[in-house]
Structures are given as structure tokens and as C-alpha cells.
Amino acid sequence: MKVRVVCRKIYNYVRYDLKEIAFPSSLPDPPNIKKRRKLSWEERIWVLKRASRLYAASWVRDIGPDLRPDDYKKDEVTEESNDEKKTIKQKEPSTLEDLAVAARGGMETLRPALQRVYMTRASAYRDALKSFITGYQEGVQQVMEKKEDLKTQEDADISKK
């Protein structure tokens, strides 16, 4: 009888506890989370098709004019008519656009772009810190002046008495 109990406890330890020690499971989901049902094979295939279409569409947008000359010809025709109507405005690219262009160029072009971003952020942080310090010093001076005014008024009151 005791051997059976010992064997069952060892079996349970190996089956449940040792597995949990070796491969711990993640925390359980909160009680308000409803578990989703598993997808059927048809739904999985549909998801795979849809994802592959979206992925392929993202690559088509990145293909240059060499591989899609017809699309660019259409754009050039519309741009020529729009250029006549528009006034010439050259805007500076945003930081995100600058980083995207630099990332396409590789690490050699990305490093200077990142350095510019870090330097602009550092200068903005430095300027904000300077303005905070000057404002803080002005506030301290005002408080000290108020204290001095109170002391001089108290001294004047004491001398009158």
C-alpha cells in the first residue's frame, strides 16, 4: 500500500510539478478575457492568403520606376498639370522621412541622421533645462525678496513699539 502511494506521488511530481519547474507556464489570463476558439483549416488558409496579399502589396509600393514605368508615366502627366497651377514650395522633409531615407541607404547614411536627431533632442533638452533653471532662480529670488520685506516690516514694527 505504501509503495503504491509513493509511486503515485512520484508520478504526479514528474507529471505536473517537474514539468512546471522545467518549463514554467505563463501567467493565467485575467478572468474578464474570453478565450477565442481555434480557427478551422479553411479560416487559417484564408488568413494566410490575406496576409500574403497584404505583404505583396507592401512590396509593390516600394518598387521603383524601373519595374513600374506605366504607373510613373501617369503620375508625371498629372504632376505637370498640377505644377502649372501650384506655386513653387519646397518643404523640408520631416525627421521621420529623413530617417526612412537614411535607413534605405544603409548604416553609413543612418548614423549621421541618428546623430542629428540625438543632437536636436539634446539641444532641446538643454534649452528646456536652462529655461527651467532661470525660472526657478527667479522664483527663489521672489520668495527671498518677500521674506526680506517681511523682516524689514517686522523690524520697523518692533522699532516703533
Side-chain angles (χ1 to χ4, degrees), residues 13 16-39 43-44 46-68 71-72 74-161:
Y13 176 77
Y16 300 111
D17 298 335
L18 188 63
K19 184 178 92 173
E20 189 65 31
I21 291 169
F23 306 106
S25 61
S26 62
L27 293 174
D29 290 332
N32 60 348
I33 300 292
K34 293 180 182 175
K35 292 192 177 189
R36 295 184 191 176
R37 64 175 180 82
K38 290 190 176 183
L39 297 177
E43 291 170 334
R44 288 180 186 177
W46 181 84
V47 168
L48 183 64
K49 284 181 181 178
R50 179 80 175 143
S52 61
R53 282 189 198 127
L54 290 172
Y55 183 70
S58 72
W59 275 95
V60 169
R61 284 191 295 266
D62 292 337
I63 293 175
D66 301 334
L67 300 176
R68 292 188 304 156
D71 294 341
Y72 282 91
K74 292 175 189 174
D75 291 341
E76 288 173 2
V77 171
T78 57
E79 284 179 13
E80 289 174 2
S81 62
N82 288 340
D83 284 340
E84 295 169 356
K85 297 175 185 175
K86 291 181 183 176
T87 59
I88 299 175
K89 291 184 179 179
Q90 294 293 334
K91 67 173 189 171
E92 194 170 310
S94 69
T95 306
L96 186 60
E97 292 169 350
D98 189 24
L99 285 176
V101 170
R104 287 187 184 144
M107 194 61 188
E108 297 81 21
T109 56
L110 187 60
R111 179 171 285 143
L114 286 174
Q115 285 177 345
R116 278 195 305 275
V117 169
Y118 290 139
M119 292 306 290
T120 55
R121 286 189 177 185
S123 65
Y125 178 74
R126 185 187 65 230
D127 295 341
L129 195 59
K130 281 183 181 179
S131 66
F132 172 76
I133 289 172
T134 55
Y136 186 79
Q137 288 174 344
E138 289 173 1
V140 168
Q141 274 183 337
Q142 290 175 356
V143 169
M144 295 303 285
E145 288 173 358
K146 287 180 183 178
K147 284 185 178 180
E148 288 176 4
D149 290 342
L150 288 175
K151 284 184 181 179
T152 55
Q153 287 177 358
E154 288 175 3
D155 291 340
D157 290 340
I158 291 173
S159 63
K160 288 181 182 177
K161 290 182 181 179

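All residue numbers refer to positions in the sequence shown, counting from 1.
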Report, one line per pair, each donor and acceptor closer than 3.5 Å where one atom sits in a side chain of residues 116-127; sequence neighbours left out.
unit_1	atom_1	unit_2	atom_2	d
Arg116	NH2	Asp98	OD2	2.9
Thr120	OG1	Arg116	O	3.1
Thr120	OG1	Val117	O	2.7
Ser123	OG	Met119	O	3.3
Ser123	OG	Thr120	O	2.8

Apply side-chain contact (heavy atoms from CB on, under 4.5 Å) to residues Leu48 and Arg44 and explain how you reach the verdict.
CA-CA 6 Å; Leu48 183 64; Arg44 288 180 186 177; over 6 Å; no

Just jot down the side-chain hydrogen bond (donor to acceptor under 3.5 Å, both in side chains) partners of Arg111, sequence neighbours excluded, or say none.
none

With Arg37 via side-chain hydrogen bond (donor to acceptor under 3.5 Å, both in side chains) - residues at least two apart
Glu43

Nearest-0.5 Å distance, CD of residue Gln137 to CE of residue Met144:
13.0 Å

Could you grab the distance from atom CG of Leu150 to atom NZ of Lys146, nearest 0.5 Å is fine?
9.5 Å

